[in-house]
Amino acid sequence: MQLHVADHPLVRHKITVLRDKNTTSPIFRQLVEELVALLAYEATRHIRVEDHRVETPLTSTVGTRLADPRPLIVPILRAGLGMLEGLMRVVPSAEVGFLGLKRDEETLEAITYANRLPEDLTGRQVFILDPMLATGGSLVAAIDYVLERGATDVTCVCLLAAPEGIDHVRSRVGDRAEVSVVVACVDERLNEHGYIVPGLGDAGDRLYGLV
Ligand code: PRP
Ligand code: URA
């Protein structure tokens, strides 16, 4: 697994506003989108492309276009949905699949409750979106899900990660170079309830309110 931690003052600024418990849901949602747009630059560094010839007003030249099949973006419901628009804005031709995962707050195990994804992902490049990498249970479940269906290239985009969660993903994924995690910030630790500290609280609730 390859890990990339963003190092950019604008990312740090926006993450700080997200952490603030007084930040309202509309501002929180907007900042999540903006952060994903910033992380997208790194997350899409190895997006698959092919040569493409174009005629400019002056001459003919070979440029680049996204290769087929198109990338598949998979936001993890609920909170990952808040990141979808930010990535779609920079990769508008991507396809989108949905995976619903809910962490059991007693056992901290991830439970899959919904999926709307192609059964066959052979050779597909997949971008998984989830703002919080806490114990890593949810992200491991999502990575396993797409790898089992044949995806060969998986990039996870997260906002906050706990060191424990990163270690868990690494221990499950090993050195597979085709899995990478791009994260805005690595926090200090998990607390006894499996929450990221200092963190930002429950990302789903802060985006969409209490269920
Ligand atoms: C949150 C978050 C991740 C998960 C992270 O979702 O969006 O999916 O917890 O925790 P983990 O790394 O310990 O698995 P949650 O289960 O609260 O669901 P929600 O998005 O519907 O709020
Ligand atoms: N899920 C969240 O939304 N926040 C955390 O800190 C941990 C899991």
Side-chain angles (χ1 to χ4, degrees), residues 1 3 5 14-33 35-36 39 43 73-87 96-117 126-148 154-173 179-211:
M1 181 197 98
L3 176 69
V5 184
K14 291 174 195 292
I15 286 285
T16 304
V17 185
L18 283 189
R19 292 188 194 282
D20 188 336
K21 65 181 183 185
N22 294 315
T23 297
T24 60
S25 285
I27 301 293
F28 194 94
R29 284 196 294 272
Q30 186 185 328
L31 283 166
V32 167
E33 277 187 28
L35 275 160
V36 175
L39 295 179
I73 302 178
V74 181
I76 307 302
L77 308 179
R78 263 180 319 164
L81 207 50
M83 302 171 75
L84 179 60
E85 195 54 40
L87 193 55
V96 182
F98 297 90
L99 196 52
L101 292 176
K102 171 79 195 85
R103 190 173 80 157
D104 180 316
E105 292 300 337
E106 296 284 314
T107 63
L108 301 184
E109 303 249 323
I111 301 160
T112 308
Y113 63 84
N115 84 76
R116 193 82 167 95
L117 282 169
V126 177
F127 293 87
I128 295 175
L129 306 180
D130 194 334
M132 309 304 274
L133 170 49
T135 66
S138 302
L139 202 60
V140 164
I143 293 168
D144 283 349
Y145 196 96
V146 297
L147 287 179
E148 279 163 13
V154 183
T155 301
C156 309
V157 187
C158 304
L159 298 184
L160 295 189
E164 296 91 327
I166 293 171
D167 289 347
H168 180 53
V169 176
R170 191 176 272 127
S171 73
R172 292 291 296 266
V173 172
V179 178
S180 59
V181 176
V182 176
V183 59
C185 184
V186 179
D187 271 11
E188 284 168 26
R189 62 185 171 88
L190 290 180
N191 71 9
E192 62 277 26
H193 305 294
Y195 272 75
I196 299 174
V197 179
L200 51 76
D202 186 306
D205 288 355
R206 296 208 57 193
L207 281 161
Y208 301 119
L210 291 169
V211 278

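Note that ligands are numbered from 1 as they come in the structure, with each ligand's atoms numbered from 1 the same way.
- For atom 6 (O) of ligand 1, the nearest protein heavy atom is 4.0 Å or more away.
- Proximity to Ala79 (heavy-atom distance under 4.0 Å) selects the following atoms of ligand 1: 7 (O), 20 (O).
- Proximity to Gly137 (heavy-atom distance under 4.0 Å) selects the following atoms of ligand 1: 12 (O), 14 (O).
- Residues Ile166 and Val181 are not in side-chain contact: their nearest non-hydrogen atoms beyond the backbone lie 4.5 Å or more apart.
- Listed by number with element, the atoms of ligand 1 under 4.0 angstrom from any heavy atom of Asp202 are 22 (O).
- When only non-hydrogen protein atoms are considered, atom 18 (O) of ligand 1 lies nearest to Leu101 O, 4.0 Å.
- Enumerated by chain and number, the residues approaching ligand 2 to less than 4.0 Å through a heavy atom are Arg103, Met132, Ala134, Gly194, Tyr195, Ile196, Gly201, Asp202, Ala203.
- Between Met132 and ligand 1, a contact under 3.5 Å exists for no N or O pair.
- When side chains are defined from C-beta on, Pro198 counts as touching Glu188, because their heavy atoms get closer than 4.5 Å.
- Here the protein heavy atom with the shortest distance to atom 13 (O) of ligand 1 is Thr135 OG1, 2.6 Å.
- Residues Tyr208 and Arg29 meet the side-chain proximity criterion, which asks for heavy atoms closer than 4.5 Å.
- Summary of contacts: the protein heavy atom closest to atom 22 (O) of ligand 1 is Arg78 NH2, 2.9 Å.
- Set against the non-hydrogen atoms of Lys102, the atoms of ligand 1 under 4.0 Å away are 16 (O).
- By the 4.0 Å heavy-atom criterion, Gly136 is counted among the residues contacting ligand 1.
- When only interatomic distances are considered, the shortest N/O to N/O separation between Asp205 and ligand 1 does not fall below 3.5 Å.
- The residue Leu108 has no part lying near ligand 1, judged by heavy-atom distances below 4.0 Å.
- Here the protein heavy atom with the shortest distance to atom 2 (C) of ligand 1 is Asp130 OD1, 3.4 Å.
- No donor-acceptor pair under 3.5 Å is formed between the side chain of Arg172 and the backbone N or O of Asp144.
- Every atom of ligand 1 is numbered from 1 in the order shown, and the set under 4.0 Å from a heavy atom of Gly204 is 22 (O).
- Among protein heavy atoms, atom 14 (O) of ligand 1 sits closest to Ser138 OG, 2.6 Å.
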### Message
Please evaluate residues Asp20 and Arg206 with respect to the criterion salt bridge (charged side-chain N to carboxylate O under 4.0 Å, His left out), reporting the C-alpha separation (whole Å), side-chain torsions for both, the decisive distance (0.1 Å), and the verdict.
### Response
CA-CA 11 Å; Asp20 188 336; Arg206 296 208 57 193; over 6 Å; no

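- Counting protein heavy atoms only, atom 10 (O) of ligand 1 is closest to Arg103 CD, 3.5 Å.
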